[in-house]
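Here's the structure, in structure tokens; my notes come after.
Sequential numbering from 1 along the given sequence is applied to the chain's residues.
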Amino acid sequence: MELGLVGLGKMGGNMRERIRRAGHTVVGYDRNADLADVHSLEELVGKLSGPRVVWVMVPAGEPTQATVDRLAELLEPGDVVVDGGNSRWTDDERHAEQLAAKGIGFVDCGVSGGVWGLENGYALMYGGDAEHVAKVQPVFDALKPEGDFGAVHAGKVGAGHFAKMVHNGIEYAMMQAYAEGWELLEKVDSVENVREVFRSWQEGTVIRSWLLDLAVNALDEDEHLNGLRGYAQDSGEGRWTVEAAIDNAVPLPAITASLFARFASRQEDSPQMKMIAALRNQFGGHAVEKK
């Protein structure tokens with residue numbers, strides 16, 4: 001089949017290659033002309049035969065909205081837009097309604113796999129009407145990992161990105177657990193080879209995972225991570241997961257704590273801990289450290 005792909009960064013560029021390897025035609029557009037096959041959305045749409053499928057892989061928020069707005073003007077009834085970025089599920093509902101007014105279908109798709117997806121395949125979680133999903137199915141089949149698993153029609157519009165959001169929230173908590181365990185192992189004198197402890201966990205333990213494999217890779221590159229600053233950004237999906245938990249009265253203590261730990265990593269000198277130190281000094285005479 002033919003596919004228009006908007007956004008050819010680290011994920012989008014590799015997805016274009018994987019889809020082409022499966023025998024499909026991909027016409028790619030990116031603001032970076034060195035990456036693009038065409039030089040405008042108009043040219044991209046013009047090169048596709050109807051009914052068209054256009055997959056959007058641009059940052060969530062305004063960039064995605066602007067792309068959907070333009071595609072709503074260029075596409076025709078019966079065409080389908082897929083948002084494969086990290087959009088919020090509530091945006092999906094709005095985009096689906098906007099495009100449906102023009103007779104254009106919409107599918108949201110959470111994509112996981114990162115830089116490894118080209119060779120290993122991408123885990124896909126998609127939402128939308130069955131008739132719209134069916135038009136994109138050959139591309140889903142090309143992108144997913146080999147075997148019976150790795151892709152799911154999660155439900156109606158928004159379900160794909162909601163599932164991917166929860167996936168990322170779980171990822172936050174898993175990474176935080178590995179990080180806390182690593183720091184504790186590094187702290188004690190009796191454990192002399194923390195990296196090999198992590199490596200030993202890769203086989204036969206209940207905590208083995210791809211994230212653990214990646215942790216070992218990182219420790220092989222820099223055994224004590226001395227070359228890194230202890231600062232971690234968040235993509236936004238961790239925040240959305242916690243917000244959704246509040247809206248639905250679902251307790252997420254581990255995921256919430258992992259998000260707050262990232263916030264703490266950005267403070268050179270914690271204002272909260274200043275107050276804690278001051279209070280301990282006031283009620284117990286505990287020593288404080290002056291700047």
Side-chain angles (χ1 to χ4, degrees), residues 9-11 58-64 85-88 91 112-116 161 164-199 201 207 209-247 250-291:
K10 291 179 180 179
M11 287 279 282
V58 301
E62 182 54 35
T64 294
N86 284 330
S87 293
R88 189 174 180 135
D91 292 345
S112 182
V115 297
W116 301 85
H161 280 143
K164 176 59 162 48
M165 177 195 74
V166 174
H167 164 282
N168 281 22
I170 294 170
E171 177 187 290
Y172 273 47
M174 291 175 66
M175 287 194 289
Q176 184 66 27
Y178 284 128
E180 291 175 6
W182 172 78
E183 181 177 358
L184 182 57
L185 287 166
E186 285 276 336
K187 189 72 172 180
V188 301
D189 292 334
S190 58
V191 181
E192 297 177 340
N193 201 334
V194 175
R195 178 179 61 188
E196 295 310 311
V197 170
F198 261 59
R199 197 188 312 280
W201 293 345
I207 64 167
S209 72
W210 187 37
L211 278 175
L212 178 61
D213 296 341
L214 295 177
V216 172
N217 288 350
L219 295 175
D220 281 339
E221 294 171 5
D222 182 354
E223 183 173 357
H224 301 288
L225 304 182
N226 291 326
L228 299 180
R229 180 187 168 202
Y231 178 103
Q233 191 55 268
D234 68 284
S235 64
E237 288 186 289
R239 301 186 189 206
W240 299 342
T241 305
V242 173
E243 290 171 3
I246 294 170
D247 292 341
V250 175
L252 300 185
I255 292 174
T256 302
S258 68
L259 174 65
F260 288 173
R262 295 197 185 190
F263 296 164
S265 78
R266 300 168 203 170
Q267 297 180 327
E268 297 291 348
D269 188 17
S270 170
Q272 296 175 27
M273 289 304 107
K274 291 181 182 180
M275 177 57 73
I276 297 296
L279 289 171
R280 292 181 75 248
N281 177 257
Q282 289 293 320
F283 71 68
H286 301 290
V288 295
E289 295 185 10
K290 300 290 187 179
K291 277 192 173 180

For [X], all residues meeting side-chain hydrogen bond (donor to acceptor under 3.5 Å, both in side chains), sequence neighbours excluded:
X	answer
Arg239	Asp234
Glu268	Arg229
Ser87	Asp83

Check: Thr64 and Asp91 side chains under 4.5 Å, non-hydrogen atoms: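 SC-SC contact between Asp91 and Thr64 ruled out.
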task = With sequence neighbours excluded, tell me which residues meet ring-ring contact (aromatic ring centres under 6.0 Å, His included) with Trp201.
result =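 With sequence neighbours excluded, Trp201 shows a ring-ring contact (aromatic ring centres under 6.0 Å, His included) to Phe198, given in chain and number order.
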Who passes side-chain contact (heavy atoms from CB on, under 4.5 Å) against [X], sequence neighbours left out?
X	answer
Asp189	none
Pro63	Val58, Pro59
Asn217	Trp116, Leu214
Val115	none

Partner set under salt bridge (Lys or Arg N to Asp or Glu O under 4.0 Å) for [X], not counting sequence neighbours:
X	answer
Glu183	none
Arg199	Glu196, Asp220
Glu243	Arg88

Which pairs of donor and acceptor atoms, one on a side chain in residues 167-179, lie under 3.5 Å apart (sequence neighbours left out)?
unit_1: Asn168; atom_1: OD1; unit_2: Lys164; atom_2: NZ; d: 3.2
unit_1: Asn168; atom_1: ND2; unit_2: Glu237; atom_2: OE1; d: 2.5
unit_1: Tyr172; atom_1: OH; unit_2: Ser235; atom_2: N; d: 3.1
unit_1: Gln176; atom_1: NE2; unit_2: Glu180; atom_2: OE2; d: 2.9
unit_1: Tyr178; atom_1: OH; unit_2: Ile207; atom_2: O; d: 2.5
unit_1: Tyr178; atom_1: OH; unit_2: Ser209; atom_2: OG; d: 2.8

**Request:** Spell out, as yes or no, whether a donor-acceptor pair under 3.5 Å connects the side chain of Thr256 to the backbone of Pro253.
**Result:**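 No; judged by distance alone, with no hydrogens or angles, the pair does not exist.
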field: Ala244 to Met165 - nearest heavy-atom pair and separation
entry: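 For Ala244 and Met165, the tightest heavy-atom pair comes out as CB-CE, 4.0 Å.
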query: Do you know the tightest heavy-atom contact between Tyr231 and Gln233?
result: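 Minimum heavy-atom contact is OH-NE2, 3.5 Å.
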ask   = Taking atom CG of Leu219 and atom CH2 of Trp182, what is their separation to the nearest 0.5 Å?
value =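 With rounding to 0.5 Å, CG (Leu219) is 7.0 Å from CH2 (Trp182).
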